[in-house]
Each structure stands twice: as C-alpha cells, then as structure tokens.
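Remarks on the structure that follows.
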There are 2 protein chains.
Amino acid sequence: MDFNVYITRVNAKLDQYLSAQGSLAKAMRYSALTNGKRFRPILTYSVANIFGTNLNLIDSSSCAVEFIHAYSLIHDDLPAMDDDDVRHNQPACHKRFGEAQAILAGDGLQALAFEVLVNDDLINADIKIELLKSLTHASFEMAEGQAIDLSIIAKQVDIATLETMHRKKTGVLLSCAVNLGAIVSKACNNKDRITLNSFSKDIGLAYQIQDDVLDIETPDALLGKKQFSDEHKNKPTYPSLLGLDKSKLAYKNLYEKASDELDLLSVNVAELQQLTANLQARLF
Amino acid sequence: MDFNVYITRVNAKLDQYLSAQGSLAKAMRYSALTNGKRFRPILTYSVANIFGTNLNLIDSSSCAVEFIHAYSLIHDDLPAMDDDDVRHNQPACHKRFGEAQAILAGDGLQALAFEVLVNDDLINADIKIELLKSLTHASFEMAEGQAIDLSIIAKQVDIATLETMHRKKTGVLLSCAVNLGAIVSKACNNKDRITLNSFSKDIGLAYQIQDDVLDIETPDALLGKKQFSDEHKNKPTYPSLLGLDKSKLAYKNLYEKASDELDLLSVNVAELQQLTANLQARLF
C-alpha cells in the first residue's frame with residue numbers, strides 16, 4: 001500500500017473545503033495545506049479501506065480530523081502557549097499573519113471541522129451524529145490536554161500524569177481518527193470497534209513517546225520544527241522521566257501490542273500492519 | 001411574560017453542562033456563568049414557546065448558542081484582539097486566568113457547544129443535523145466577522161462593509177438563536193421560518209447599531225465594560241459613519257420592521273413582540 005495515495009486525496013479535499021474566499025482563508029490555508037504528515041487522515045482512510053468502505057464516504061471525516069489537528073497546532077504555537085516560531089519548516093501561523101489572525105484561523109478551523117462533517121450529504125444523519133459525538137469529544141479533550149501540558153511545565157510529575165496529559169492532548173484525536181473510519185464502515189462489527197479502540201490508544205501513546213524521543217534525536221530540518229523544544233521549555237517528557245532507552249522500549253512494546261491487536265480484526269489487516277510498521281520506523 | 005424565567009432556566013442548564021471537573025472548568029465557568037444578558041438563549045426559548053414547543057427540547061440549543069457567544073467574548077477580549085480588560089463587570093478571562101487558559105477556555109467552549117447539541121438524546125438525528133448546520137455555520141462566520149472587525153480599525157469604511165462585518169460577527173449567531181428555536185418547533189411551518197429569518201436579521205442589525213450607540217451613551221458600570229471602547233480603539237461605528245441621531249433612527253426603524261414581520265407568523269406573537277420592545281428599550 002502506498003499511503004501517499006491518501007495524502008494526495010486528503011490534500012485535494014482539504015484544498016476544496018478551504019476554497020471559499022474569506023477574511024481568514026489565507027491564514028487557514030497557510031496552516032492547513034502545508035506539508036503535514038497527514039497521519040490522522042491516513043488512519044481514517046486505512047481503517048475504512050480494510051473494511052472495503054467506499055472512500056468517498058470518508059473524505060469529510062478525514063478532513064474534519066485534520067482541521068482539528070491543524071487548529072490545535074496554530075493555537076499551541078501561540079506566544080501565550082508553547083511560543084513556537086516554526087512549524088512544518090515555515091514560520092508559525094502567528095509569525096506570518098499575526099496573533100489575532102492566528103487565533104481566529106484556529107477558531108475558524110475548529111468550526112469548519114464540524115461544519116464539513118455536518119454537511120456531508122453522502123452520510124445519513126444517525127451515522128453523522130455518531131461521528132460528531134466522537135469528534136466533539138476529542139476536540140474538547142484536546143483543549144484540556146493542552147491546559148494540563150502548560151500546567152506541568154517545570155514541575156515534577158509522575159508517569160500517570162504525563163500519560164493522562166498525552167491521552168487528552170493527542171491520544172483522543174488519534175483514537176477519533178480511527179473511530180471515524182470504523183463508524184462509517186458497515187462491515188466493522190462491534191468486536192472490531194472495541195479492538196480498534198484499543199489499537200488506537202496504543203499507537204496514540206506510542207506515537208507520543210516516540211515524539212518525545214525524536215525531539216531529542218532528530219535535527220530541526222527533518223523535524224520541521226525546533227529540536228530539543230521540550231527540554232528548552234522545561235516540559236516533562238518520557239525520556240526525562242524514564243530515560244531514553246526505556247522510552248524507546250516503551251514505544252516499541254506499544255507498537256507491538258497494537259500490531260498484535262490488529263490480528264484480532266475480522267478482515268485482512270495487512271494495510272494497517274504496514275501503517276503501524278511505518279509509524280514505528282518514522283524519523284520525524 | 002417574565003423573561004427571567006428563561007434566564008434562570010438557561011443558567012441552571014449551563015451550570016449543569018459545565019459541572020464536569022477538568023483543567024479548564026474554572027475558566028470556562030468563570031466566563032460562561034457570569035451575569036450575561038442571555039439574550040440569545042432567551043430568543044431561542046421564546047421562539048420555541050410561541051409555537052408551543054416543549055422547552056426541554058430547547059435547553060441544548062439555548063446552551064449551545066450561549067457557549068458559542070461566551071467563547072467569542074473570551075477570544076475577542078484577548079490582548080492580540082480587542083484587548084479588553086473588563087467584561088460583565090469583572091476582569092476579562094485572560095486577566096483572571098492568563099492568556100493561555102483564556103484561549104483554551106474559549107476553544108473548549110466552542111467544542112462543548114457542539115458536543116452539547118450532538119449528545120441531546122431528546123432530539124432525533126435529522127433535527128440535530130439541521131441545528132448543527134445552523135450553529136457550525138454561525139460559528140465559522142463569527143470568526144470571519146471578528147477578523148474583518150480587526151482589519152478595519154482606523155480605516156475609512158462604508159456602511160455596507162460595516163454591515164457585512166456586523167452581520168458575520170454578531171448577526172449570524174443571533175439569527176442562529178432564532179433558527180434553532182424554529183427548527184425544533186414542529187408547529188413552525190416553512191413560511192414562518194422565512195419570516196423568522198428576516199425578523200432575526202433585522203433585530204440582529206438593530207441590536208448592533210444600538211450597541212454602538214450605547215457604547216457612547218451608557219456609563220461603564222451599567223454597560224459592564226468600558227464606555228467609549230469603540231472610539232478609543234478607533235473602530236468605525238454607525239455613529240461615527242452616520243452620526244448619533246441617524247443611528248438611533250436606523251435601529252428604531254429596524255426594530256419596527258422586525259415587529260411588523262412578527263405579525264406575519266401563524267401563531268400568537270405577543271411574547272416575541274414584548275421581547276423586541278424590551279430589546280429596543282434596553283439601556284445596556
């Protein structure tokens with residue numbers, strides 16, 4: 001499976017949804033259309049694809065989850081928050097458009113995420129409500145997670161607190177990306193849903209521990225943002241709590257657990273196995 | 001009709017929806033539960049009430065529209081935006097909790113608005129989708145309106161530009177408050193909907209022109225925020241473009257037009273007439 005197919009697809013759809021002219025269009029397009037990894041939409045498409053779901057039904061979900069992600073990055077980068085100047089190898093939104101536009105572009109993208117889902121005429125109302133339950137919950141939790149993240153700067157915290165923070169800040173939206181693909185897929189039964197939920201939690205946490213490790217090991221240019229940014233901000237991380245080797249082992253184990261879980265699904269999971277392996281092998 | 005009944009009702013429901021503990025709870029409660037005028041929820045309840053709709057079906061809509069309003073005030077008050085220190089006679093959210101918490105509390109309230117609607121089990125999925133179409137559209141337009149507002153500071157603009165800005169910034173959410181009440185009301189027919197839509201546009205614009213006038217004529221303590229704030233920020237306003245007398249006449253005419261439109265509805269409109277009269281007579 002060439003996952004670039006999904007990247008091309010979601011980029012075209014995001015572009016389409018952001019084609020309306022308006023006072024926030026430039027800032028929203030600048031942040032949402034640049035070369036993000038599109039990991040969340042890829043997950044949504046992949047989950048739907050292994051169940052043989054028509055991907056036309058998945059476009060709105062994939063874009064919605066990416067819009068929420070894009071909005072969160074814009075707000076997280078603000079001076080009052082993480083104060084990051086570079087994102088995806090370009091000036092952060094507020095550096096390019098000013099803080100006010102950046103706040104509003106983020107606000108607009110959050111609204112747009114829900115609007116895109118609500119207005120998808122290919123999906124029936126009951127399914128849409130299920131999708132929206134997952135996405136509104138994830139979006140709310142994400143704001144909470146960021147608040148916890150800021151509150152523990154320069155503090156001694158235990159692994160449980162760090163895990164709660166990451167679960168809310170990034171894990172819930174990753175789980176949501178998986179859930180949206182599952183919700184739209186008629187062939188995905190209840191047992192599959194439970195399995196996928198557990199899988200998504202494991203890769204969500206693995207992904208975050210790995211992020212902490214990559215922040216230490218990957219240079220700026222490849223990372224697309226500043227290396228050592230966690231350390232410079234005095235943020236507690238898995239390596240700072242567990243050490244580098246134990247952190248690497250922790251995310252390796254989680255990816256392996258996730259991979260084992262996939263084998264419990266009722267369909268051919270080769271594509272999701274490959275995606276999980278690609279994630280584990282990523283360098284940025 | 002004593003509209004305080006609706007205020008008491010929506011305050012209790014808002015409180016309930018905000019009862020979950022969490023890292024943003026304090027800041028969200030601080031901003032959303034203080035003594036706002038609750039004009040939007042009152043509108044939603046009143047519209048539903050004149051059609052004999054069970055108000056239990058309206059609570060989520062009323063709260064959702066108020067959460068969007070509360071979020072917008074928090075973000076508008078930020079230093080990078082309007083830089084207002086006082087709101088509802090208390091320090092603005094960012095003055096009390098810091099900018100990061102204020103941004104996130106606003107973000108959380110926007111998500112919560114949609115979450116509350118999506119999770120209302122009393123309303124069927126088709127109706128919910130209609131409600132969400134109106135609310136997501138309003139929320140997106142509002143962010144655009146605020147961007148226009150900031151972009152025209154200290155600029156010469158014409159009345160049409162000012163009207164577009166206000167239509168997006170405040171008018172669309174007011175129309176939405178009316179629409180939500182209409183959508184849930186089975187007795188509200190298509191002709192009624194069209195009439196109410198026109199009514200809501202007129203009171204929305206009237207309300208804003210009146211706001212500009214009150215900003216000049218009402219002292220801080222009654223206004224709950226700084227008097228002359230538009231002038232101090234060099235914002236174009238109706239009085240600055242039309243003069244004070246013509247502005248007063250403009251909103252008076254719009255309220256009268258709105259009142260005439262109400263008489264076209266298929267039900268007894270005494271309550272909405274009274275609300276319109278109360279609005280016109282407001283001092284803050």
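Chain naming here is simple, since letters A, B, ... match the order of the sequence lines and numbering starts at 1 in each. Scope of the values below: all heavy atoms of this structure, side chains included, with no hydrogens, waters or symmetry mates.
One distance of note links CG of B/L117 with CZ of A/F114; it measures 11.5 Å at 0.5 Å rounding.
Among A/V116, A/L132, A/L109, the residue with the largest count of heavy-atom pairs under 4.5 Å with chain B is A/L132. Taking chain B as the reference chain and counting heavy-atom pairs below 4.5 Å, the highest number among A/A138, A/A105, A/G108, A/G145 is found for A/G108.
When heavy atoms are compared at a cutoff of 4.5 Å, B/L104 approaches chain A by way of both its backbone and its side chain. Looking at B/L78, only its side chain comes within 4.5 Å of chain A, counting heavy atoms on both sides. Contacts between B/M165 and chain A at a heavy-atom distance below 4.5 Å are absent for every atom of the residue.
Between B/V118 and A/I129 the shortest heavy-atom distance is CG1-O, 3.7 Å.
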If you check both backbone and side chains, which donor-acceptor pairs between chain B and chain A fall under 3.5 Å?
unit_1: B/S23; atom_1: N; unit_2: A/E144; atom_2: OE2; d: 3.3
unit_1: B/S23; atom_1: OG; unit_2: A/E144; atom_2: O; d: 3.1
unit_1: B/H75; atom_1: ND1; unit_2: A/D107; atom_2: OD1; d: 3.1
unit_1: B/H75; atom_1: ND1; unit_2: A/D107; atom_2: OD2; d: 2.7
unit_1: B/D107; atom_1: O; unit_2: A/Q110; atom_2: NE2; d: 3.3
unit_1: B/D107; atom_1: OD1; unit_2: A/H75; atom_2: ND1; d: 3.1
unit_1: B/D107; atom_1: OD2; unit_2: A/H75; atom_2: ND1; d: 2.7
unit_1: B/Q110; atom_1: NE2; unit_2: A/D107; atom_2: O; d: 3.3
unit_1: B/E144; atom_1: O; unit_2: A/S23; atom_2: OG; d: 3.1
unit_1: B/E144; atom_1: OE2; unit_2: A/S23; atom_2: N; d: 3.3

